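See below for the structure under consideration.
In listed order, ligands and their atoms are each counted from 1. A quick note: this is a predicted structure, and the numbers were derived from the prediction, not measured.
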Amino acid sequence: MKSRKKIYEGKAKILYEGPEPGTLIQYFKDDATAFNNKKHDVLEGKGVINNRISEFIMTHLHTIGIQTHFIKRLNMREQLIKSAEIVPIEVVCRNVAAGSIAQRLGLPEGQALPRSIVEFYYKNDELGDPMISEEHITAFSWASAPELDEMMAMTLRINDFLTGLFAGAGIRLVDFKLEYGRIWDNEYSRLILADEISPDSCRLWDVENNEKLDKDRFRRDLGGVTEAYSEVARRLGIMKDMPKLSAIEGGLK
Ligand code: UDP
């Protein structure tokens, strides 16, 4: 087989040159990292599940008019995507206090926030992805003011839609991280949703017992990481052949 040109390798994904100009192939690895790469492990099958969950979510987002980089899933670990110029910002949307906001503001984990809150972080591993304000984003031209408004509006719309989608599966969407990219058409550009949406980039809790079904299982050494990701897929109706969580010996702790 002709070897493909690797364009970029990240912590959990690899991007290869696509079959046509303007396309890329996004490959989902089994690698899991946390705490800015200080914690690393390989979780067999994680990439396969995230590929399917992200496909499912992006496809649903298309039905409500959100444009994304997703074109189609190619196989177990790969999807064809549109090549976009990534905006160097991580957009986090929160509904419930957890993780860094709970720590920073001294909020009890699990407390519902007064309203959904959108935060921005500068994508820079060396600096540990520092939190930034809208002022920083426009002053340093990481995104224009209209782009910022659009990212904010798209993020809140995605939050509303995903909150409902997950609620229907008995899952509370606590928070999540999005990345956006620009697609150029001569001198005009438009923003599309890029990267992935999966239990690696969301906090997902069981509505009944607050069991964590996301990457916090890895970050906090709770075990059963891929089992939890499979459970999310199963509840969403993806991978119907996945075993029920209760059928996995010991379930989740
Ligand atoms: N997140 C992510 N990538 C990052 C940082 C955060 O996907 O580099 C996600 C994380 O999984 C959670 C949300 O963004 O769903 C908010 O994360 P938080 O700021 O609480 O940071 P963390 O607790 O991960 O340090």
Side-chain angles (χ1 to χ4, degrees), residues 8-13 26 28-41 43 46-47 49-51 53-54 57-58 68-69 86-113 115-133 136-137 142 151-152 154-156 158-159 161-163 165-167 171-181 193-207 210-222 225-226 228-229 232:
Y8 173 80
E9 177 153 7
K11 286 171 267 187
K13 295 187 293 292
Q26 179 167 251
F28 287 76
K29 300 196 283 187
D30 283 342
D31 296 64
T33 61
F35 311 120
N36 205 11
N37 251 337
K38 287 185 198 79
K39 186 174 164 73
H40 175 260
D41 207 348
L43 305 168
K46 176 181 80 87
I49 305 169
N50 281 355
N51 185 19
I53 294 177
S54 202
I57 292 177
M58 298 268 179
T68 84
H69 72 165
I86 296 296
V87 176
I89 296 167
E90 299 195 339
V91 183
V92 167
C93 182
R94 304 178 185 275
N95 300 306
V96 175
S100 67
I101 197 173
Q103 270 195 317
R104 199 179 317 114
L105 304 183
L107 302 174
E109 192 169 76
Q111 179 176 297
L113 297 170
R115 61 174 170 81
S116 303
I117 295 175
V118 176
E119 298 172 344
F120 302 101
Y121 296 83
Y122 181 42
K123 256 172 81 76
N124 185 314
D125 282 343
E126 270 170 49
L127 301 175
D129 296 346
M131 191 177 187
I132 49 174
S133 74
H136 297 111
I137 295 171
W142 293 323
M151 284 192 282
M152 189 85 172
M154 276 171 83
T155 300
L156 290 171
I158 292 167
N159 182 44
F161 182 73
L162 291 188
T163 297
L165 188 79
F166 281 116
I171 294 170
R172 179 173 303 130
L173 178 61
V174 171
D175 58 33
F176 58 95
K177 185 260 308 181
L178 300 177
E179 292 186 27
Y180 290 93
L193 181 66
D195 196 46
E196 71 180 297
I197 302 184
S198 74
D200 267 0
S201 58
C202 302
R203 281 197 174 89
L204 304 168
W205 295 356
D206 183 295
V207 280
N210 288 336
E211 187 123 66
K212 295 181 198 310
L213 300 171
D214 56 58
K215 194 169 157 184
D216 271 348
R217 299 202 73 84
F218 171 71
R219 292 188 190 98
R220 300 180 189 190
D221 290 320
L222 298 175
V225 186
T226 43
Y229 286 31
V232 172

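Remark: Thr33 engages Lys11, Asn37, His40 in a side-chain contact (heavy atoms from CB on, under 4.5 Å) (not counting sequence neighbours).
Not a single donor-acceptor pair under 3.5 Å links the side chain of Asp216 to the backbone N or O of Arg219.
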May I have the N/O to N/O pairs between ligand 1 and the protein that fall below 3.5 Å, each with atom names and distance to one decimal?
unit_1   : atom_1 : unit_2 : atom_2 : d
ligand 1 : 8 (O)  : Glu90  : OE1    : 3.2
ligand 1 : 11 (O) : Arg219 : NH2    : 2.8
ligand 1 : 15 (O) : Asp175 : OD1    : 2.6
ligand 1 : 15 (O) : Arg203 : N      : 3.4
ligand 1 : 19 (O) : Arg94  : NH2    : 2.7
ligand 1 : 19 (O) : Ser100 : OG     : 2.6
ligand 1 : 20 (O) : Arg94  : NH1    : 3.3
ligand 1 : 20 (O) : Arg94  : NH2    : 3.4
ligand 1 : 20 (O) : Ser100 : N      : 2.8
ligand 1 : 20 (O) : Ser100 : OG     : 3.3
ligand 1 : 20 (O) : Arg203 : NH1    : 3.0
ligand 1 : 23 (O) : Arg203 : NH2    : 2.6
ligand 1 : 24 (O) : Arg219 : NH2    : 3.4

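Between Lys46 and Asp30 there is no salt bridge, since none of the side-chain N atoms of the basic residue sits less than 4.0 Å from a carboxylate O of the acidic one. Salt bridge annotation for Glu196-Lys177: absent, with no cationic side-chain nitrogen under 4.0 angstrom from a carboxylate oxygen.
A distance of 13.0 Å separates OG of Ser54 from CD1 of Ile49, quoted to the nearest 0.5 Å.
Among the candidates Asn210, Asp206, Asn95, Thr163, the single residue satisfying the side-chain hydrogen bond (donor to acceptor under 3.5 Å, both in side chains) test with Arg172 is Asn210.
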